[in-house]
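Here is the structure we will look at.
Throughout, numbering of the chain's residues begins at 1 and tracks the sequence.
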Amino acid sequence: MDHAAEAHRTDLMTITRHVLNEQSKHPEARGAFTILLNHIVLGCKFAGLAKLIGLAGETNVQGEEQKKMDVLSNEVFVKALISSGQTSILISEEDEVATFVDPSKRGRYIVVFDPLDGSSNIDCGVSIGTIFGIYMVEHKDDLSLEDVLQPGEKMVAAGYCMYGSSCTLVLSTGNGVNGFALDPSLGEFILTHPDIKIPKKGKIYSINEGNAKNWDKATAKYVENCKFPKDGSSPKSLRYIGSMVADVHRTLLYGGIFMYPADKKSPNGKLRLLYEVFPMSYLMEQAGGQAFTGKQRALELVPNNIHERSPVFLGSYDDVEEIKKIYAAVEEEST
């Protein structure tokens, strides 16, 4: 990249401008979706700047206890989404039950989100983030929880915002994946990673090896192949941060595979389907990768409850294809 030239650019593509450009491709659009995304962006700006300036202290200058960042982030996003006037139901990792928006403020969108994924890592400086997915409802005045329990392939948009050394928002509205970095001096997200395409095959695998004794046969065999390939290729490198947003972001940019399988300890997997597995799987597919549960395409799963868990293998197309073949072979052996 020519950094000198970049420094003098005056045609910076902000996320607002990008979303408006996408809206212009749909003559029937009335701006509701754009308004919703702008409110999500506002929540991400607040959480990102709060994280960067260290708002996570235990007490403030008055000696009052501050809210934990995950609780604060949840409040910020819930208020931002309701005030947009475009949402009907909100599902948050922080809230046990669904939030049904007051009929006077309802719109036609459902937002599922984890307001601060990886928040247990705040104190050690690891990147954390917000994950979100958006569905549309046909009839905003006749709602039930069934409107939320849809397969991930029905999402109309998904994304995440990573808060680390920089604040990065990655978004797909069903037409590819784009990455934006927050410029604090402008207070705007600027397009830095246009049209992200995950490499077809990667050199990195990402999994918590501390769970190895509980893995199923297929996962164990795949990881063994990563370490000791039998085809003469170089071993894959292990990279595992333990913050889903950070691990998936690296996988999206560099290729490889991120795995959180079911095991003896967590037979249904550990990651939440609606607001972790679905949005990340949506992004991976939009970038040319795949997402697999060990049994089927992740986005085809139909949730039974809002906090349902699921295993997932997501990343480069060829890497996920390899583990799909191993699962099929292991299943054939057992029949």
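At most 12 heavy atoms of other shown residues, nucleotides or ligands fall within 6.0 angstrom of atom CD in Glu96. Heavy-atom neighbours of Asn21 CG from other residues, nucleotides or ligands within 6.0 Å: above the threshold of 12. For Glu332, the CD atom sits in a loose shell: 12 or fewer heavy atoms of surrounding residues, nucleotides or ligands are nearer than 6.0 Å. The neighbour count for Lys230 NZ, taken as heavy atoms of other residues, nucleotides or ligands under 6.0 Å away, is above 12. The environment of Glu209 atom CD is dense: over 12 non-hydrogen atoms of other residues, nucleotides or ligands sit within 6.0 angstrom.
Counted by atom type alone, Thr130 and Tyr163 present one or more donor-acceptor pairs between their side chains at under 3.5 Å. For the residue pair Asp117 / Tyr275, no side-chain donor-acceptor distance below 3.5 Å is found, with atom types taken as modelled. Between the side chains of Thr173 and Asn175, no donor N or O sits under 3.5 Å from an acceptor N or O. There is a side-chain donor-acceptor pair under 3.5 Å between Ser233 and Asp231. Side chains of Tyr260 and Ser310: no donor on one and acceptor on the other come within 3.5 Å.
Hydrophobic cluster membership is shared by Val41 and Ile128, with clusters built from Ile, Leu, Val, Met, Phe, Trp and Tyr side chains linked at under 4.5 angstrom. Val177 and Ile15 are not part of a single hydrophobic cluster, where members link through side-chain heavy atoms under 4.5 Å apart. The cluster map of Ile, Leu, Val, Met, Phe, Trp and Tyr, joined by side-chain heavy atoms under 4.5 Å apart, puts Ile40 and Leu116 in the same cluster.
Nearest heavy-atom pair across Leu81 and Thr87 is O-OG1, 3.1 Å. In plain terms, the two heavy atoms of Asn74 and Ser92 that are nearest each other are OD1-OG, 2.5 Å. The minimum heavy-atom distance between Ala158 and Met155, with the atom names listed, is CB-SD, 4.3 Å. Closest non-hydrogen pair, Thr16 versus Glu188, comes out as OG1-OE1, 4.2 Å.
Considering only heavy atoms from C-beta on, Ile198 stays 4.5 Å or farther from Tyr317 through its side chain. Side-chain atoms of Asn178 and Leu191, non-hydrogen and from C-beta on, do get closer than 4.5 Å to each other. Here the side chains of Leu12 and Leu186 are in contact, with some heavy-atom distance below 4.5 Å. Side chains of Ile323 and Tyr205 form no contact here, defined as non-hydrogen atoms less than 4.5 Å apart. Between Thr34 and Leu20, the closest side-chain pair of non-hydrogen atoms falls below 4.5 Å. In this structure the side chain of Asn304 never reaches within 4.5 angstrom of the side chain of Leu149, judged on heavy atoms. No side-chain heavy atom of Glu276 sits less than 4.5 Å from a side-chain heavy atom of Val312. Considering only heavy atoms from C-beta on, Pro303 stays 4.5 Å or farther from Val148 through its side chain.
With Tyr282 contributing its side chain and Gly133 its backbone, the two residues share no donor-acceptor pair below 3.5 Å. Under a 3.5 Å cut-off, the side chain of Ser172 and the backbone N or O of Gly174 do form a donor-acceptor pair. Using a distance-only test at 3.5 Å, with no hydrogens or angles considered, no donor-acceptor pair links the side chain of Arg108 to the main chain of Met136. With Ser166 contributing its side chain and Thr168 its backbone, the two residues share no donor-acceptor pair below 3.5 Å. Here the side chain of His18 pairs no donor or acceptor atom with the backbone of Met13 at under 3.5 angstrom. In this structure a side-chain-to-backbone donor-acceptor pair under 3.5 Å is present from Asp247 to Gly242. Between the Asp147 side chain and the Ser144 main chain, a donor and an acceptor come within less than 3.5 Å of each other.
Annotation: salt bridge (charged side-chain N to carboxylate O under 4.0 Å, His left out) contacts involving residues 80-95, sequence neighbours excluded, comprise Glu93-Arg272. Sequence neighbours left out, the pairs with a member in residues 234-246 that pass side-chain hydrogen bond (donor to acceptor under 3.5 Å, both in side chains) are Lys236-Asp319.
Ring-plane geometry between His193 and His249 is classed as perpendicular, the angle between the planes exceeding 60 degrees on a 0 to 90 degree scale with a lower cut at 30.
Taken to the nearest 0.5 Å, the OG atom of Ser73 stands 10.0 Å off from the CG atom of Asp114. For the atom pair Asp263 CG and Asn211 CG, the distance stands at 5.0 Å (nearest 0.5 Å).
Glu224 has no carboxylate O lying under 4.0 Å from a charged side-chain N of Lys221, or vice versa, which leaves the two without a salt bridge.
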Quick one: do Tyr109 and Val101 satisfy side chain to side chain contact (heavy atoms under 4.5 Å, CB included)? Show the steps, please. CA-CA 11 Å; Tyr109 294 99; Val101 178; over 6 Å; no

Should Met284 and Val320 be marked as a side chain to side chain contact (heavy atoms under 4.5 Å, CB included) after you check the CA-CA gap, both sets of side-chain angles, and the distance that decides it? CA-CA 11 Å; Met284 281 297 168; Val320 177; over 6 Å; no

Which is it for Leu145 and Phe100 under the side chain to side chain contact (heavy atoms under 4.5 Å, CB included) test, yes or no, and what are the steps along the way? CA-CA 9 Å; Leu145 212 50; Phe100 285 81; 4.3 Å; yes

Working for side chain to side chain contact (heavy atoms under 4.5 Å, CB included), residues Ile196 and Leu253: CA-CA 7 Å; Ile196 297 170; Leu253 296 184; 4.3 Å; yes

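A distance below 6.0 Å separates the ring centres of Tyr327 and Phe313.
Scored by the salt bridge (Lys or Arg N to Asp or Glu O under 4.0 Å) test, Lys197 finds Asp195 as partners (sequence neighbours excluded).
Among the candidates Lys200, Lys201, Lys325, the single residue satisfying the salt bridge (Lys or Arg N to Asp or Glu O under 4.0 Å) test with Asp318 is Lys200.
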